[in-house]
Amino acid sequence: MKDEYEFLRKEMVEEQILYRGIKDKRVIEVMKKIPRHLFIPESKRRFAYEDGPVEIGFGQTISQPYIVAYMTEQLELDENNKVLEIGTGSGYQTAVLASMCKEVYTIERLPQLLEKAKSILEELKFKNIHFFLGDGWKGLPDYAPFDRIIVTAAPEIVPPALKEQLAVDGIMIIPVGPMYNQVLLKIIRKNKNNFKEEVLEAVRFVPLVKDF
Ligand code: SAH
């Protein structure tokens, strides 16, 4: 996509993503293409390609580009995957996922953010995204199992419903822990009752709100 931000976007991918060791070629190609600035309110757009999170309103933020790249790479996506995303927010991570898999089911609790994300993603002609206003703690039992689950807000424990909705051999990437002291976990479901957990990195996410 040609636009006035193309140069900044290329620089973002080279300096923040390639340089820090992201290897998945599809993640790199997709992040070079998706117009990240469109997912950010106009007043903050000048920060769209900077190396950090940016406020998107309602006390929420769009994740730092490197974190989006890292979490997506760790998901080990396949083009046939059905993916559940918790915390649509700006919709940018949703766009990255939808460019690399078969279908994305995304849940957001704030209607204003969900509507905004939906309108941008429709404008960009994505046809494989299903939007849900709701509580990420519960997941989407009616559409489970999911091959991949990505959570972009942090609960204090892994929500049991999400583990249940992960397919066997599926992968979940989720930040877990108290406010601003979280670790990113990679959870692989080996069989019905057996989950392998690996700690990836220390991270900082907004909380996954409970009982709202
Ligand atoms: N991936 C998004 C990150 C958004 S921040 C992006 O890059 O833009 C996390 C989002 O999770 C916020 O929009 C917040 O409203 C949402 N959220 C928090 N608790 C939630 C819950 N229990 N259910 C669904 N969404 C939730």
Side-chain angles (χ1 to χ4, degrees), residues 9 12 16-17 27 30-31 34-42 44-45 47-75 77 83-101 104-121 124 126 129-141 143 146 148-163 165 172-180 182 184 203-212:
R9 192 154 56 238
M12 169 192 88
Q16 302 173 34
I17 294 180
V27 176
V30 164
M31 289 186 67
I34 296 175
R36 178 172 161 95
H37 58 281
L38 294 182
F39 294 86
I40 295 178
E42 262 170 66
K44 294 273 187 306
R45 217 160 258 182
F47 304 119
Y49 296 98
E50 289 194 0
D51 191 11
V54 182
E55 287 168 29
I56 54 170
F58 309 97
Q60 305 304 324
T61 55
I62 178 172
S63 302
Q64 181 189 14
Y66 171 71
I67 280 289
V68 173
Y70 183 67
M71 290 175 84
T72 310
E73 180 172 70
Q74 289 295 333
L75 268 182
L77 284 173
V83 178
L84 174 64
E85 180 193 36
I86 310 292
T88 318
S90 68
Y92 176 70
Q93 172 81 69
T94 322
V96 173
L97 297 168
S99 304
M100 295 174 59
C101 73
V104 180
Y105 292 74
T106 187
I107 315 181
E108 170 58 53
R109 68 179 275 264
L110 297 173
Q112 300 92 330
L113 287 180
L114 189 71
E115 284 312 311
K116 185 94 202 2
K118 194 173 170 191
S119 80
I120 300 162
L121 291 163
L124 294 174
F126 282 96
I129 304 172
H130 310 274
F131 298 87
F132 297 84
L133 185 66
D135 183 359
W137 276 89
K138 303 194 173 87
L140 290 172
Y143 299 88
F146 296 97
R148 302 287 185 267
I149 299 180
I150 177 170
V151 185
T152 63
E156 295 219 350
I157 58 159
V158 181
L162 298 186
K163 283 174 98 168
Q165 291 169 33
M172 169 158 37
I173 303 293
I174 179 171
V176 177
M179 187 106 103
Y180 299 131
Q182 304 134 356
L184 198 59
V203 286
R204 284 175 144 234
F205 277 86
V206 297
L208 186 72
V209 178
K210 203 169 185 332
D211 303 324
F212 49 86

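Any value given below was found using the heavy atoms of this structure, including those in side chains, with hydrogens, waters and symmetry copies removed. Just so you know, ligand 1 is whichever comes first in the structure, and atom 1 is the first atom listed for that ligand.
- Heavy atoms of G134 approach ligand 1 to within less than 4.0 angstrom.
- For atom 4 (C) of ligand 1, the closest non-hydrogen atom on the protein side is T61 O, 3.3 Å.
- Close contacts of ligand 1 with L110, meaning ligand atoms under 4.0 Å from a residue heavy atom, involve 15 (O).
- At a 4.0 Å heavy-atom cut-off, ligand 1 touches Q60 through the side chain alone.
- You'll find the side chain of I174 stays beyond 4.5 Å of the side chain of I86, heavy atoms only.
- Among all non-hydrogen protein atoms, the one lying nearest atom 22 (N) of ligand 1 is V209 O, 2.7 Å.
- Between K116 and I56, every side-chain heavy-atom pair lies at or beyond the 4.5 Å cut-off.
- Taking 4.0 Å as the cut-off, F39 does not count as a neighbour of ligand 1 on heavy-atom distance.
- If you check each of V206, T152, I40 against atom 3 (C) of ligand 1, the one with the closest non-hydrogen atom is T152.
- Of all protein heavy atoms, the one closest to atom 11 (O) of ligand 1 is G87 CA, 3.3 Å.
- Annotation: Q93 places no N or O atom under 3.5 Å from an N or O atom of ligand 1; distance criterion only.
- In summary, of the residues considered (V96, L97, V151), a side chain to side chain contact (heavy atoms under 4.5 Å, CB included) with E85 occurs for L97 alone.
- Applying the ring-ring contact (aromatic ring centres under 6.0 Å, His included) criterion to Y143, with sequence neighbours excluded, gives Y105, F132.
- Ranking protein heavy atoms by distance to atom 13 (O) of ligand 1, first place goes to E108 OE1, 2.7 Å.
- Using 4.0 Å as the threshold, T94 has no heavy atom nearer than that to any atom of ligand 1.
- Between M31 and P65 the shortest side-chain heavy-atom distance falls below 4.5 Å.
- Considering CD1 of I157 and NZ of K163, their distance stands at 9.0 Å, rounded to 0.5 Å.
- Remark: ligand 1 atoms within the under-4.0 Å shell around heavy atoms of D135 are 21 (C), 22 (N), 23 (N).
- A 6.0 Å sphere centred on CD of Q112 holds more than 12 heavy atoms belonging to other residues, nucleotides or ligands.
- Here the side chains of F39 and V54 are not in contact, with every heavy-atom distance at 4.5 Å or above.
- Ligand 1 lies nowhere less than 4.0 angstrom from a heavy atom belonging to A117.
- Which parts of ligand 1 touch L208 is read off a 4.0 Å heavy-atom cut-off, strictly below it: atoms 19 (N), 20 (C), 21 (C), 22 (N).
- One N or O on the side chain of W137 and one on the backbone of L208 form a donor-acceptor pair closer than 3.5 Å.
- Without hydrogens or angle criteria, R45 side chain to H37 main chain gives a donor-acceptor distance under 3.5 Å.
- Ranked by closest heavy atom to atom 8 (O) of ligand 1, the top entry among S90, G136, P65, A95 is S90.
- The closest approach between W137 and ligand 1 falls below 4.0 Å for a heavy atom of the residue.
- Near L113, the atoms of ligand 1 lying under 4.0 angstrom from a non-hydrogen atom of the residue are 13 (O).
- In this structure, the salt bridge (Lys or Arg N to Asp or Glu O under 4.0 Å) partners of K138, at least two apart in sequence or on a different chain, are D135.
- If you number the atoms of ligand 1 from 1 as listed, the ones under 4.0 Å from a heavy atom of I62 come out as 6 (C), 7 (O), 8 (O).
- Here the side chains of R36 and M12 are in contact, with some heavy-atom distance below 4.5 Å.
- If you check which protein heavy atom lies closest to atom 25 (N) of ligand 1, you get R109 N, 3.3 Å.
- When only interatomic distances are considered, the shortest N/O to N/O separation between S63 and ligand 1 falls below 3.5 Å.
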